[in-house]
Amino acid sequence: MSEPILSVRDLTTSFFTRRGEVQAVRGVSFDVHEGEMLGLVGESGSGKSITCMSVLRLLKAGGTIKAGSATFEGTDILSLDEDALSDLRGNRIGVIFQDPMTSLNPTLTVGEQVMEAVRRHRKASAAEARARAVELFELVRIPSAAKRLDSYPHEFSGGMRQRVMIAMALACDPKLLIADEPTTALDVTIQRQILALLKDLQRRLGMSVILITHDLGVIAEVTDRVLVLYGGLVMETAPVRELFARPAHPYTVGLLGAVPDLRDDTHKRLTPIPGSPPNMLAPPPGCPFAPRCVHAMSQCMAALPPLFGAAHQSRCWLQHPEAPKVDAVHEVAA
Amino acid sequence: MRAMTQPLLQLRDLHKHFRLPAAPFAPKPVLKAVDGVDLDLMKGETLGLVGESGCGKSTLARTVIRLHEPTSGSIVFDGQEVGKAPEGLLGNFRRRVQMIFQDPYASLNPRMSVGDLIAEPLEIAGIGTAAERRKKVAGLLDRVGLPSDSAQRFAHEFSGGQRQRIGIARAIALEPDLVICDEPISALDVSVQAQVVNMLEDLQADLGLTYLFITHDLSMVRHISDRIGVMYLGKIVELATSADLYHRPSHPYTRALLSAIPVPDPEAARAAEPMQGEIPSPIDIPSGCRFRTRCPLAVELCAKVEPQLTDIGGGHLAACHFAGELAQQANGVRAPL
C-alpha cells in the first residue's frame, strides 16, 4: 500500500476537570491510506471521537493533547499554529458531525453557508462560488439543487441537512473526510441513503474517510479497515472482513455476541458483556477490559498488554505465545 | 410462543390528532400522529411496534396510557373501556399499566434518592407502610440486579444501564399486567443493551408481563417480540409474527426497512438500492395509500384507494394492494453498497 496520508502516533489526550484528569485517549496510533475508509468503532467514552477531535485540534475547553503526533501529508498537525490549522481544516480535511440540526446556522440560507465554505479557502467570485455550490449539491444528490440553495436549514429534513453538511465538507475537495457518527441521528432508511452516498463519494473522488460510529452494522457495511477502541486504547485493528470473520479480542467477540442476529430464527438468548465501561478518571493499570472479560487472567489485571500481530492486531494477553488457547478468540499472525 | 388466550388490550380505530397553531386567517393545520389504529395485544405476549421517527409509535403509546387524550376510537383494557373514562375512574388502570421511558437521564428526578424513586408509585397507590415499602424497594433492587445500598444513592451516581434498571424497578413496583417500553434501550451502549433486554425477558417470564415494545431497532425488535407491527404515518401497515414478518415481508415499506438495516457481517448480501425519498409530513398525508410517494410499486390505484389491513394468510396482516404477490416472493436480495 502507498504512503499513508494521515499517520497518528501515540496520541494521548486528557481532559482536566474539577473531578480530576479524564484520560480520554491513551496512546492511539493508526494510519489512513489514500482512498480507504477507516472505521473507528467503540462505545461512549471509548475515545473514538476525542481521537479525531485531537487530530483536528478541535478539543473543547479543558482538553489537552499531552503527547503524540499526527502527520498529514508530511506536516505534523499537532505543531501547526492557528493560521496554518485553519488552512488545513475545511480545505484539505473536511469534517461532518452527528447532529446536522445544530451544525448549521439557522439564520443563513444553506447556499450562503456552502458558498462561505468555498470562499473561505478559494479565491472565487460570488457567481463562481454559487456555481460551485450548485455542483456540490448535485454531487450529494440534493434534488433541484439550484433552487434549494436559497432555502433555510429548517426547511430541510434531517437527511437533507446531513447532505448539506457533506456538501460543505467537500467544498474544497478534501483529501480526507472525518465523519463523526454521521448517521446516528437519522432513521434507518435515511441512514442507508447517506452511507451509500459516502461510499460512492469515497470511490468517485478517491478520498480517504475516517468514519466514527458505535454501530458494528455500519462498520460492516461501508468500511475497509477497522479500529476497535475501548478505554482510550486501540484494542483490535484489522481489515473489515478479517475482523468479523476472525475477531481476536474478547471485547470485539463480546460486542458481536451482544447484538441479535436479524437472520436468526431460534430466539437465542443474547450474551451481554457484564459490568460497565471503565472510569477514565482512574483507568485500571492493566487491560481496561479485564474487569468485564470472561477470559481475564491475573496477568491482565497487572499489566497492559501490547498490540500483538501485524496486519491484524489485538491488544490481549491471550495472543502471547505462552497464553492458554481460548476457543472464541482467534489468533493473530505475528 | 407464549400463551395467548385473550386480548389484554384492544385498540379500535384509535386516532390522536393535534391541532397546530395556524397562520393568520388560515384554518388550523391538523397533525395526524395516530390515524386509525386497530390492535389486539394478547396476555403474556410481546408486541413490537417499529417505524421511523414521526410515524406515531410513541404517540400511540402515550395515548394508550392516556398521557394524551385520544381524539376518537376506543381503548379496551381487560374488557373495560378506558379511552373515554374520566381520570378519577382510571385508578386501577393506572396501576396495571406502566411505562418504561427512553431516556434514563431525563426520566428520573435528580433530587430524589433511588429508594424514594422506586417507592413513589407504591406511595401514590397507597400500598403498605413506610417500612413495608422500604422492604419492597430492597426486593425490587435485587430483582433488577442493583446493589442493596443503591436506595440511599441518587440517580446521577449510576451509569445509563443502571439508571434504566431503576426505571424498570419503578415500572414493576405495582406488579402491572402491561408494561409499555418506549425505546428502553436506545440510549444505552451496545454492551449494556443486551443486559437490559435479557432482564426484561426474565421479568416477563417470572411476572407474566405483557409488553408493548416500541423501538426503531429492527434487529432488537425481532429478537424480543412475538409479533411485530410496522407503523407508517400513523397507521399500522403490516402486522405478523416476528419470524413471518422477516421471512415474508408483504408490505413494500417493511421490505425497505428490513433491507436498510446495517448487518454486522461484511459477507452478507445487501439491498441493491436504498429506498428513495423521506417520510411525508403527518400534516399532509398522501391520498390513497400513505406510502405511495416512496413506493417502488405504486400505480394509479394506490393514489385513489387506501389499502386496508388484510389477512394474507395465517394471521399475517398487510395494508398493500400487492401484499398477496409480495408474500409469494422471498425476502429481497441484498447487494453490497
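Chain A is the first sequence line, chain B the second, and so forth, proteins listed ahead of strands; every chain is numbered from 1.
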Check: Ser314(A)/Glu236(A) side-chain N/O donor and acceptor closer than 3.5 Å: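 Not at all, the side chains of Ser314(A) and Glu236(A) share no donor-acceptor pair under 3.5 Å.
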
Donor + acceptor pair across side chains of Glu45(B), Thr210(B) (<3.5 Å):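 Short answer, no.
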
Interface moiety of [X] toward chain A, non-hydrogen atoms closer than 4.5 Å:
{"X": "Gln195(B)", "value": "both"}
{"X": "Leu218(B)", "value": "both"}
{"X": "Val197(B)", "value": "side chain"}

Parallel, tilted or perpendicular: ring planes of His156(B) versus Phe154(B), cut at 30 and 60 degrees: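 Judged by the thresholds at 30° and 60°, the geometry between His156(B) and Phe154(B) is parallel.
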
Pair Glu221(A) + Arg192(A): basic N to acidic O under 4.0 Å: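 So Glu221(A) pairs with Arg192(A) through a salt bridge.
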
Distance under 6.0 Å and angle within 45° of ring axis: Arg148(A) vs Phe156(A):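 Output yes; distance and angle both within limits.
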
Six-ring centre of Phe158(B), Arg153(B) cation under 6.0 angstrom, axis tolerance 45°: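 The answer is yes, since Arg153(B) meets both limits relative to Phe158(B).
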
Most heavy-atom pairs under 4.5 angstrom with chain B, which of [options]?
{"options": "Ile190(A), Val259(A), Ile219(A), Asp261(A)", "answer": "Ile190(A)"}
{"options": "Gln191(A), Arg269(A), His214(A)", "answer": "Arg269(A)"}
{"options": "Pro143(A), Gly257(A), Ala258(A), Gly45(A)", "answer": "Ala258(A)"}
{"options": "Leu262(A), Thr223(A), Ile273(A), Val188(A)", "answer": "Leu262(A)"}

Residue pair Ser186(B) / His216(B): nearest heavy atoms and the distance that separates them: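 The pair with the smallest heavy-atom distance is OG-CE1, 3.8 Å.
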
Contacting moiety of Asp215(A), where chain B heavy atoms sit under 4.5 Å: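 It is the side chain, since no backbone atom gets that close.
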
Leu216(A) versus chain B, the contacting section by heavy-atom distance below 4.5 Å: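 Contact with chain B involves both backbone and side-chain atoms of Leu216(A).
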
Interface residue of largest heavy-atom contact number with chain A, from Ser219(B), Ser159(B), Gly161(B), Ser191(B), under 4.5 Å: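 The candidate making the most pairs under 4.5 Å is Ser191(B).
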
